[in-house]
**Q** 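The structure follows.
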Amino acid sequence: MNSRNVAKPIEILLVEDNPGDIRLTQEVLKEGKIRNHLNVVEDGEKAIAFLQRTPPYEQAPHPDLILLDLNLPRRNGLEVLKIIKTDEFLKAIPVIVFTTSQSEEDIISAYNLYANCYITKPIDLGQFIRSIKSIEDFWLTIVKLPSE
Amino acid sequence: MNQPMLETGTILVVDDTPTNLEVLFDFLNEAGFKVLFAEDGESAIEKASYATPDLILLDILMPGMDGFETCRRLKEREVTQSIPVIFLTALSETVDKVKGFTLGAVDFITKPLQYEEVVARVKTHLRVQTLARQLQAQNARLAHEIQERQQAEAAIQRQNQRSQLFAEVTLKIRQSLHLDDILQTAVTEVQKILQADRVLIYRLWSDGTGSGVAEAVQPGFPAVMGQVFLEEVFPVTIRQQYRQGQVRKINDIEHSRETSPCLVEFLRQFQVKAKLVIPILAKEDLWGLLIAHQCSDSRQWTDFEIELLQQLANQIGIALTQAQLLEQEVLQRQELARSNAELQQFAYIASHDLQEPLRMVTSYLQLLERRYKGKLDADADDFIQYAVDGALRMRTLINDLLAYSRIGTRGQAFEFTSCMEAVACAIANLEVAIAERGAVVMYKDLPNVQADPTQLTQLFQNLISNAIKFADEVAPQVWIQASHQEQSWLFSVQDNGIGIDPQYAERIFVIFQRLHNRIDYPGTGIGLAICKKIVERHNGRIWVQSELGQGATFYFTIPDRGEC
């Protein structure tokens, strides 16, 4: 069990440009057991700014988990992933690639850039909920994450 | 003169003293000769010219023109010079026999005449004469033959030379399929062969104008390339002649009756003194002209040169046609590549961009269902159900379409593949369906073929899956066999299912074509379309033989490329 869940909520960064998916993720996480705080940015550039705390994200929290879409405006998901995994202060944060792409190329590229796991967004709502729940269970409950 | 019988010859006797002549006449006549007489040199020459006797007996001592002089004159004249002359001389006369022989006499007979001797000598000389003539004729024939042979040899040599030049140039022309290269090679080579000052390929455009498209010109003479010429340079009538393949040859522009003053004026600006124009026909239309100019001087164009150029113009025409075909093919290939790229882009769009909104529709419909089911009225629940179904089916269609388009674009290289393994793999993938239906799949002695292993498995899997799906009440049975044809393997996948009406035998291979309703036989109608695409990618053919209620047999071929 993660000791921090008593003191303060888990900080999750969702990098996602589709409002439908953002809302869906929010809805599902709302139903979850774990106290969490979902931060959302809509493109790759904002994600980098958020993580590196450059304006207007000087006050941004250091996320415990990142949900990263690949098809993003400006800087795409793989570029963001590369920056995260080559940054001394960021590379320990688990990055879950959460995307519609089923392309073998994207999967290989993501793992080569040290994505922690790759999940294809299920079309079926039931499976979508299960996926988010699994992420919650595994990454926020079972796994021991580094403290800040 | 042909004389099979010596005795039929004509003898001219020239003597001013007719004393002994009567007897001579009788002797000669008896021997079969026709005898003419002349009493002096003048009339002898006249008669000899007129009657051309076979032999002349000529008395030396005659009043007026003597025998020697008469002989000299006879030998001067073409008609009489070859007639043998025998001099008649009296024993008492002291004559210069050497002079007689020098003048061309063949013999001397001494008077008084021994008539048998005369006839014998005459016969001998006539035979000699005949033999000489035959020899001469033979010599002439031989000389003629030799001349003919030399001419033939020269002709062959010219032909060889032309063939060689032609072959060399043709080879060079054919080495390229690029239009500009072909034309440039042609002018360069023709210029070298002819040693002409300018060789030009002139393109006649459809609007009547024309321009040089390739040129080889000796230094010091102006270039024609780059100038556009108006229609009057080659007016319609001239074009018509060229279209019929006519060649135009002018050896000397300044002194030719064929050239109009304005043409001479026109040609002068390019210093043309002689020209040879050969039409280039491509696909039976006048494409342009192959033109040779001599600028340094007038020039006698030889038949050899004209023929060579005609042959080359033909070759250029063929090369042009080929180049045009190639250009078309390249364009078509580019077009095909472009449309393939578009299709790939489409596949990408289908996999990513279409799925995104579709997922939204599905997810939120399901969220609606989850949170509001039973809270709205029964109709609303139904409507939501239909919408969810439709969205899910669309998802399947998109995935199928993607799978279909990937056969061509994401195929792996062919390798030596075991069909036994491919079928085993397909059966393993279908394990659940096979168990559910209690199906039996039988196969044995399947060969190894050059194929994309993944696609080969998918091919068998789709066919087996179909065979199981379209089954009657009885447990499905599937037989898979292969037999070797001339250059390929023929595979058959036979089932005991519901069969197919032969009128739909073609249609079932078309993408998204279905023959049955979705409730009894679910599916999008992609399976056989994928099979067809896989088989075609392997250069094979696929078809079905079936009757309704009689089961179906699917056949497909895969070329046997051996193990390499």
Side-chain angles (χ1 to χ4, degrees), chain A residues 14-32 38 40 42-44 67-79 96-110 118-135, chain B residues 341 343-373 381 383-413 452-455 458 524:
Chain A
L14 175 63
V15 188
E16 172 66 69
D17 67 319
N18 181 347
D21 272 331
I22 296 169
R23 179 68 192 271
L24 216 50
T25 311
Q26 283 171 340
E27 292 294 324
V28 176
L29 284 174
K30 220 166 23 185
E31 291 177 11
L38 189 66
V40 182
E42 297 85 19
D43 66 51
L67 288 174
L68 178 64
D69 190 11
L70 290 186
N71 300 312
L72 292 170
R74 286 172 223 185
R75 312 290 285 271
N76 70 35
L78 292 175
E79 288 176 80
I96 296 160
V97 174
F98 196 55
T99 176
T100 45
S101 169
Q102 299 181 9
S103 123
E104 193 65 26
E105 242 177 274
D106 280 347
I107 295 170
I108 291 168
S109 305
Y118 188 106
I119 296 172
T120 304
K121 287 177 192 167
I123 180 135
D124 183 81
L125 182 73
Q127 286 174 25
F128 187 91
I129 292 170
R130 268 199 295 284
S131 294
I132 297 286
K133 289 260 162 81
S134 301
I135 292 170
Chain B
L343 213 67
Q344 246 171 318
Q345 182 62 20
F346 173 77
Y348 187 82
I349 289 167
S351 72
H352 290 88
D353 301 8
L354 285 184
Q355 280 181 11
E356 192 69 33
L358 182 65
R359 210 169 43 77
M360 285 298 101
V361 173
T362 317
S363 298
Y364 280 95
L365 279 170
Q366 286 175 329
L367 197 57
L368 263 181
E369 197 179 29
R370 189 183 160 97
R371 290 200 182 162
Y372 300 100
K373 193 166 183 180
D381 286 351
F383 297 168
I384 292 170
Q385 182 60 46
Y386 286 132
V388 170
D389 266 4
L392 287 176
R393 213 163 52 235
M394 191 163 169
R395 157 89 173 180
T396 313
L397 281 173
I398 288 171
N399 280 344
D400 284 353
L401 197 62
L402 189 59
Y404 181 76
S405 72
R406 274 180 176 158
I407 294 165
T409 56
R410 298 286 165 89
Q412 299 163 22
D452 176 334
T454 311
Q455 293 189 348
Q458 195 181 0
T524 52

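Reminder, nothing fancy here: chain letters follow the sequence lines and each chain counts from 1. Values reported hereafter were calculated over all heavy atoms of this structure, with side chains retained and with hydrogens, waters and symmetry mates removed.
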**Q** Can you tell me if CD on A:Glu105 sees more than 12 non-hydrogen neighbours from other groups inside 6.0 Å?
**A**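 Counting other residues, nucleotides and ligands, CD of A:Glu105 stays at 12 neighbours or fewer.
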
**Q** Determine whether A:Ile129 and B:Arg370 make a side-chain contact, defined as any pair of heavy atoms from C-beta on separated by less than 4.5 Å.
**A**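 With C-beta onward as the side chain, the pair touches.
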
**Q** Looking at A:Glu27 and B:Arg371, does any basic side-chain N land under 4.0 Å from a carboxylate oxygen?
**A** yes

**Q** Under 6.0 Å from the CZ atom of A:Arg23, do we count more than 12 heavy atoms belonging to anything else shown?
**A**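 Not buried by this count: 12 neighbours or fewer within 6.0 Å.
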
**Q** Does some side-chain heavy atom of B:Arg359 sit less than 4.5 Å from a side-chain heavy atom of A:Phe128?
**A**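 Result yes, sub-4.5 Å side-chain heavy-atom pair found.
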
**Q** Atom CG in A:Leu125, atom CG in B:Leu368: separation rounded to 0.5 Å?
**A** 10.0 Å

